[in-house]
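Right, one structure below, let's go through it.
Chain A is the first sequence line, chain B the second, and so forth, proteins listed ahead of strands; every chain is numbered from 1.
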Number of protein chains: 2
Amino acid sequence: MFKYNQYCPVAKAAEILGDRWTILIIREAIFGCCHFNEFHRNLPGISRSVLSDRLQRLESVDVLERQAIDSRRSEYTLTPVGHELKAVVFAMGGWGARWIVTDPTPKEADPDTIMLFIARHLRESELPEKRVVVEFNLRANRRRRTYWLVLMKGASSLCRQYPGYETNVSIASKVTDLQKVYLGRSTWADAVRNGSITIDGPKALVRRFPKWMLWSRFAPVVAERAGESKRNVSG
Amino acid sequence: MFKYNQYCPVAKAAEILGDRWTILIIREAIFGCCHFNEFHRNLPGISRSVLSDRLQRLESVDVLERQAIDSRRSEYTLTPVGHELKAVVFAMGGWGARWIVTDPTPKEADPDTIMLFIARHLRESELPEKRVVVEFNLRANRRRRTYWLVLMKGASSLCRQYPGYETNVSIASKVTDLQKVYLGRSTWADAVRNGSITIDGPKALVRRFPKWMLWSRFAPVVAERAGESKRNVSG
DNA sequence: CGGTATCCCCCGCGATACTG
DNA sequence: CAGTATCGCGGGGGATACCG
């Protein structure tokens with residue numbers, strides 16, 4: 001394990017957090033990810049050996065706790081030490097949102113990831129009491145994927161196979177256009193108005209849909225910047 | 001350059017900040033470091049090629065700005081984008097101070113670094129109008145180094161060679177004991193009382209000396225934890 | 001599903017030498 | 001002083017196979 005050999009809290013933190021993938025593993029843990037294959041699914045590109053190494057390392061420095069559920073599965077959960085890394089992760093995210101994020105590139109256009117992000121940022125208090133099934137038809141790099149987001153207060157879920165329930169609302173979009181709305185580079189209203197995203201279904205549900213979406217916590221920061229550059233361009 | 005290929009502000013920030021040494025280079029820039037060899041001196045262990053690479057990379061993402069002073073030297077300064085990384089650096093430092101820092105190891109006992117840290121955390125408003133020269137005699141790993149800290153409002157400096165001015169106060173300590181005071185693992189008063197640090201000179205100056213020292217901004221966090229563990233031990 | 005062990009490759013990095 | 005260029009190596013990490 002690499003050491004800076006400096007008696008400095010920043011250096012000490014950097015020794016732990018600086019390994020590739022580590023901060024994203026912590027981000028996943030913050031959002032409730034807790035199984036090995038769940039981390040592996042949510043972090044496209046990480047190898048199993050690196051994931052294994054990082055989880056062990058984070059356990060060894062008391063950021064994650066590993067608990068055996070049964071002989072087959074374990075659970076990784078944040079310790080109090082790990083929970084306080086929220087401040088670091090959100091500081092990094094805030095900075096990235098404010099200064100770095102631009103439009104998504106084709107390589108970033110991963111439908112699984114954006115649906116995961118959307119599904120775990122729901123406005124729980126606004127969700128319907130009665131189940132609403134929203135079908136997402138996403139296109140990226142000439143491929144198509146369909147997801148079903150089952151929305152119900154306290155019992156929402158994301159499905160990659162048809163869940164059997166009747167679909168109430170259908171959304172169609174390029175992955176990148178949905179990503180831009182999610183991160184605040186454009187608004188839902190604008191995207192629907194200009195046709196980059198289409199939404200079909202009973203009018204009442206279509207109107208309520210955006211109220212169910214929380215989108216990214218960084219969206220306001222990204223949106224604010226979009227406002228700035230528009231002002232810069234126009235005046 | 002490595003990419004996570006995730007459309008996520010945390011991942012974007014991690015791509016830029018995650019390289020080894022980068023966050024410490026930014027820490028140095030925050031504290032006013034601006035020349036190549038100054039970075040190199042302040043970051044023992046970094047190679048010139050890595051430093052060169054990181055400075056270029058940080059310039060390319062608009063975190064640092066490089067300006068040629070003359071044909072021989074350049075200056076690296078933080079851009080507004082880079083300045084906002086203070087939040088990230090201090091979040092990491094706060095977490096490290098709260099949860100990670102323990103006592104300094106022998107490898108961390110570097111006299112240059114602790115004197116650098118001390119010299120750039122002075123309580124400017126409290127400094128004397130008339131020059132006071134404080135000599136530090138530091139011991140680590142059976143080696144000795146002497147430094148002279150020249151204290152004067154608006155004109156303090158750290159010297160590795162005898163500056164010529166008369167020494168007013170003499171301090172002697174192991175590097176690690178001074179580091180512990182600096183980071184809040186012990187207090188100046190305790191260290192002097194138990195003899196791990198000695199200070200000699202006119203009583204008035206000896207009494208005023210600790211008021212001139214700001215110590216680390218993370219010292220309160222570290223000290224708070226020391227209090228917790230004492231309470232845990234005692235009851 | 002939930003990982004670990006092994007192999008092997010590549011590139012990140014240190015060392016050194018060089019230039020303005 | 002303030003870097004850049006080149007080279008060679010070691011280990012980080014990807015791929016794969018394997019275990020429980």
Item to complete: Using the ring of A:Y147 (Phe, Tyr or Trp, six-membered ring only), decide whether A:R160 places NZ or CZ under 6.0 Å from its centre and within 45 degrees of its axis.
Response: no
Fill in: Opening and closing nucleotides of DNA chain C in contact with chain B, under 4.0 Å to non-hydrogen atoms
C:dC13 to C:dA15
Worksheet item: Quick one: ring pair (Phe, Tyr, Trp, His ring centres under 6.0 Å) pairs with a partner in residues 26-79 of chain A, sequence neighbours left out?
Response: A:F31-A:H121
Fill in: Heavy-atom check, side chain of A:I26 versus side chain of A:L17, under 4.5 Å
yes
Practice prompt. Report yes if the side chains of B:R225 and B:V101 come closer than 4.5 Å at any heavy-atom pair, otherwise no.
Written response: yes
Practice prompt. Report, as a single string ordered 5' to 3', how protein heavy atoms within less than 4.0 Å touch nucleotides 1-20 of chain D: B base, S sugar-phosphate only, - not at all.
Written response: SBBS--------SBB-----
Worksheet item: Do B:E166 and B:R131 sit within salt-bridge range, that is, some charged N less than 4.0 Å from a carboxylate O?
Response: no
Worksheet item: Using the benzene-type ring in the case of Trp, are the ring centres of B:W148 and B:F136 under 6.0 Å apart?
Response: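 No, the ring of B:W148 stays outside the 6.0 Å limit from the ring of B:F136, centre to centre.
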Item to complete: Determine, using ring centers only, whether A:W215 and A:F117 are less than 6.0 Å apart.
Response: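 Judged by ring-centre distance (under 6.0 Å), A:F117 and A:W215 do not meet the cut-off.
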